[in-house]
Amino acid sequence: MPTPPNSCVFVPQCRSFPYLFTKIRDLKSSNESFAFYSSRIMTVLAEEALGLVPSAPFPVETPTQAMFAGTRLIEEESRLCLVSIIRAGDSLMEAARKLVPQAAVGKILIQRDESSREKLPVHYYSKLPPDIDTRFVILCDPMLGTGGSALCALDIIVQQGGVSPKRIVFVCVVASPEGLQALHARYPEVQVVAGAIDEGLNEEKYIMPGLGDFGDRFYNTTTSTWLKKEVEG
Ligand code: URA
């Protein structure tokens with residue numbers, strides 16, 4: 001499936017990404033390596049997302065007494081809320097939180113119903129800051145597959161939280177064209193930062209070539225059944 005036309009998708013051109021992505025896509029990488037290298041990628045993606053938060057010119061004087069045309073976040077517009085889609089999203093949210101420890105944190109628990117053919121998302125729990133409508137939101141989920149979980153989380157943030165889609169950035173490590181298309185169709189104003197855009201989804205709605213189950217690999221809960229399946233391919 002071709003990549004959808006979406007002016008709001010940013011894929012950072014980081015020179016270390018081919019190396020880092022090889023590490024995390026490799027079936028043979030240990031869980032420890034996966035967590036280490038994916039964290040490096042997620043730090044870059046979190047920096048990129050922060051670059052989309054409203055900022056204004058802020059000139060500073062350097063120690064050589066020259067002027068540098070810097071920028072800074074606009075205080076009243078850039079109070080942040082980092083929202084993770086539990087569980088895999090926690091890893092990405094924590095990478096962002098190291099950069100902005102003062103941010104509020106929201107959590108949404110959505111799981112896909114593995115027994116349904118479409119792997120439909122089911123919402124179990126959410127806890128968002130009461131003033132989320134006054135904040136800029138960075139929504140974190142490493143894998144944008146069908147887009148079901150991301151859309152469910154966006155519905156909660158926009159409809160219940162009252163956040164304008166213009167003030168939301170969705171961050172993921174790998175996106176599928178199908179997921180981007182679904183997200184763009186309902187929320188064209190939401191900006192997306194993706195580490196990579198892959199070819200598409202397989203029958204089980206996993207991203208191809210992808211990297212398997214992100215949460216299981218990051219948190220070392222990979223089942224031998226899944227590994228066997230990956231090896232048999
Ligand atoms: N979630 C994952 O962890 N991997 C995929 O490929 C799709 C959704």
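Order of listing sets the numbers, starting from 1, for every ligand and every atom in it. Along the sequence shown, residues are numbered consecutively beginning with 1.
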Identify, for [atom], the protein heavy atom at the shortest distance, and state residue, atom and that distance.
atom	answer
atom 6 (O) of ligand 1	Ile207 N, 2.8 Å
atom 4 (N) of ligand 1	Gly212 O, 2.8 Å
atom 3 (O) of ligand 1	Phe214 N, 2.9 Å
atom 8 (C) of ligand 1	Met143 CB, 3.8 Å

Open item on the list: Would you say Arg87 and Thr221 are linked by a side-chain donor-acceptor pair, where the criterion is simply a distance under 3.5 Å?
Closed with: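 A pair is found: one side chain offers a donor N or O, the other an acceptor, under 3.5 Å apart.
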
Open item on the list: Does either side chain, that of Asp26 or that of Tyr37, offer a donor lying less than 3.5 Å from an acceptor on the other one?
Closed with: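 No pair is found: no donor N or O on one side chain lies under 3.5 Å from an acceptor on the other.
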
Open item on the list: If I apply the N/O under 3.5 Å rule, does Gly145 come out as touching ligand 1?
Closed with: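 Not met; the criterion fails.
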
Task: Sub-4.0 Å atoms of ligand 1 with respect to non-hydrogen atoms of Tyr206 - done: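 So the answer, numbered in order with elements, is 4 (N), 5 (C), 6 (O).
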
Open item on the list: If you take the centroid of each ring, where Trp contributes its six-membered ring, are Tyr187 and Phe170 closer together than 6.0 Å?
Closed with: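 Here the rings of Tyr187 and Phe170 have centres that are no less than 6.0 Å from each other.
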
Task: Within 6.0 angstrom of Glu32 CD, more than 12 heavy atoms from elsewhere - done: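 No, CD of Glu32 has 12 or fewer neighbouring heavy atoms, counting only those of other groups under 6.0 Å.
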
Open item on the list: side-chain hydrogen bond (donor to acceptor under 3.5 Å, both in side chains) for Ser55 and Arg72? Distances and angles first, verdict last.
Closed with: CA-CA 5 Å; Ser55 61; Arg72 67 173 168 188; over 6 Å; no

